[in-house]
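The structure appears right after this line, and notes come after that.
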There are 2 protein chains.
Amino acid sequence: MKLEEAQQQFIASWGAFGSHWGINRTMAQIHALLMISPDPLSQDDIMEKLNISRGNVNMNIRDLVDWGLVFRILIPGERKEFFSAEKDIWKVATQIVKERKKRELDPMLRLLDQLEDVEGDKKDKHIKQFTETISSIRRFGLQADKMLDGLVRADENWFLGNLMKIFR
Amino acid sequence: MKLEEAQQQFIASWGAFGSHWGINRTMAQIHALLMISPDPLSQDDIMEKLNISRGNVNMNIRDLVDWGLVFRILIPGERKEFFSAEKDIWKVATQIVKERKKRELDPMLRLLDQLEDVEGDKKDKHIKQFTETISSIRRFGLQADKMLDGLVRADENWFLGNLMKIFR
DNA sequence: AATATATTTCACTAAGTTTTGAAACTTCAG
DNA sequence: CTGAAGTTTCAAAACTTAGTGAAATATATT
């Protein structure tokens, strides 16, 4: 397969893939483009390679920087800003886990905490089913939370090494 | 907090939560409603409680059944079909993992396989960066794949027990 | 300070997704 | 076989989210 074609395919599918992971399509495409670029790119480079508007590049780059997946690079003597992606895929994954945990899991756990006790007769089957559901989701969430914290703190080899021991 | 209010809140936020996890809002709301219902509900019950149209209920119920999160229940003597949710949250989670792995991770790995070898000079920095990126993502993906397979096969206590040993 | 270059913002538009509701279809009882 | 009850389909409408491009702002150069 030719390089150009392979690059296009990779960018397109990383975009599709990302859109299932809380990262919008264009954001993921920009990230893909930067991952396979040996050198940092400017906003104009990205506009041109992906055929998207300046505003779109700007917004998505900002988000990528917020997520910690892309870095602003200042090249001495250059007027423009350049951008480069985090290329260590383990770091990319833990970064995403960290952000999503903060944005989704943590607020959900806070809510479940509040919902856990409702007024009324503990014998009523509606109340019983409700509190049981809530508390089992909450217990599960707390475990997941703890596990993800560990994951984010761990380093790749350590983590995969241990995991492989568990899942032969 | 009153039961009614707590139920509403739970349904609403499970919907919002689900929409970040590849499950659309209404689908997640129906699932939430069924999880907290002590008895199976009919399509009409769901329409009424969530204020959504018959078509919408029907389509989303179908998807939930496809995902293995909801079961069709036939109540003897009743003409209507009733529905009941999987209430074991561990099963819900592994079911979702299984489906998403099949729909997303597996196709991505198949693609990366193809992209791994491109024609051209191995010394060219564009080719070098591309193949390195692809192969590191692929290695990572294969590990994740193996791990998720294990997870789906494992049972809850076994899994959490082992995990807790790792992440004290 | 004036000019050129680069970046950010945001109202508008385009694209994509979900929901509705009525019609078509299916099933069952009499 | 007929009609009532239940379920499914699908085109159109409503809603949601993403992308554009031009204007505003910021930064650097002479």
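Quick caveat, the model's predicted, so the values are computed rather than measured. Numbered from 1 within each chain, the chains take letters A, B, ... in sequence-line order.
You'll find that the side chain of A:R79 is closest to D:dA28, out of D:dT7, D:dA28, C:dC28. Distances were taken from every side-chain heavy atom of A:S53 (C-beta onward) to each of D:dT29, D:dG21, D:dG6; the shortest belongs to D:dG21. When the nucleotides D:dG19, C:dT20, C:dT7 are ranked by their closest atom to the side chain of A:K80, C:dT7 comes out on top.
We find that CD of A:Q29 is positioned 8 Å from P of D:dG19, with the value rounded to whole Å. Taking atom CG on A:N56 and atom P on C:dA14, their separation rounds to 15 Å, with Å as the unit. Regarding A:Q43, its CD atom lies at a distance of 14 Å from the C1' atom of D:dT20, rounded to whole Å. Rounded to whole angstrom, the span from the CZ atom of B:R54 across to the P atom of C:dT20 amounts to 12 Å. Separating the CD atom of B:E78 from the P atom of C:dT27 is a distance of 19 Å, rounded to the nearest angstrom. Rounded to whole angstrom, the span from the CG atom of A:N60 across to the P atom of C:dT8 amounts to 13 Å. Protein atom CD1 of A:I52 is 18 Å distant from nucleotide atom P of C:dA14, rounded to whole Å. The nearest whole Å value for the distance from the CD atom in B:E48 to the P atom in C:dT20 is 15 Å.
Listed pair A:N58 / C:dT7 fails the phosphate criterion, with no side-chain N or O lying under 4.0 Å from OP1 or OP2. Checking the phosphate oxygens (OP1, OP2) of C:dT19, a side-chain nitrogen or oxygen of B:R25 falls inside 4.0 Å.
Among the heavy atoms of the strands lying under 4.0 Å from B:R62 are primed sugar atoms or P, OP1, OP2 only; no base atom is included. Within the nucleic acid shown, A:T26 comes within 4.0 Å of sugar-phosphate atoms alone, with no base atom in reach, counting heavy atoms only. Across all strands shown, B:N24 has heavy atoms under 4.0 Å from sugar-phosphate atoms exclusively, and none from any base.
Put simply, the side chain of A:Q129 gets close to the backbone of B:M35: a donor and an acceptor are under 3.5 Å apart. In this structure a side-chain-to-backbone donor-acceptor pair under 3.5 Å is missing from A:N56 to A:I52.
Cluster annotation: B:M59 and B:F82 are assigned to distinct hydrophobic clusters (Ile/Leu/Val/Met/Phe/Trp/Tyr, side-chain heavy-atom contacts under 4.5 Å, transitive).
Ionic pairing of A:K102 and A:E99 is present here: one or more N-O contacts between side-chain nitrogen and carboxylate oxygen are shorter than 4.0 angstrom. Residues B:K2 and A:E119 are not paired through a salt bridge, judged by the lack of any N-O separation under 4.0 Å between the basic side chain and the carboxylate.
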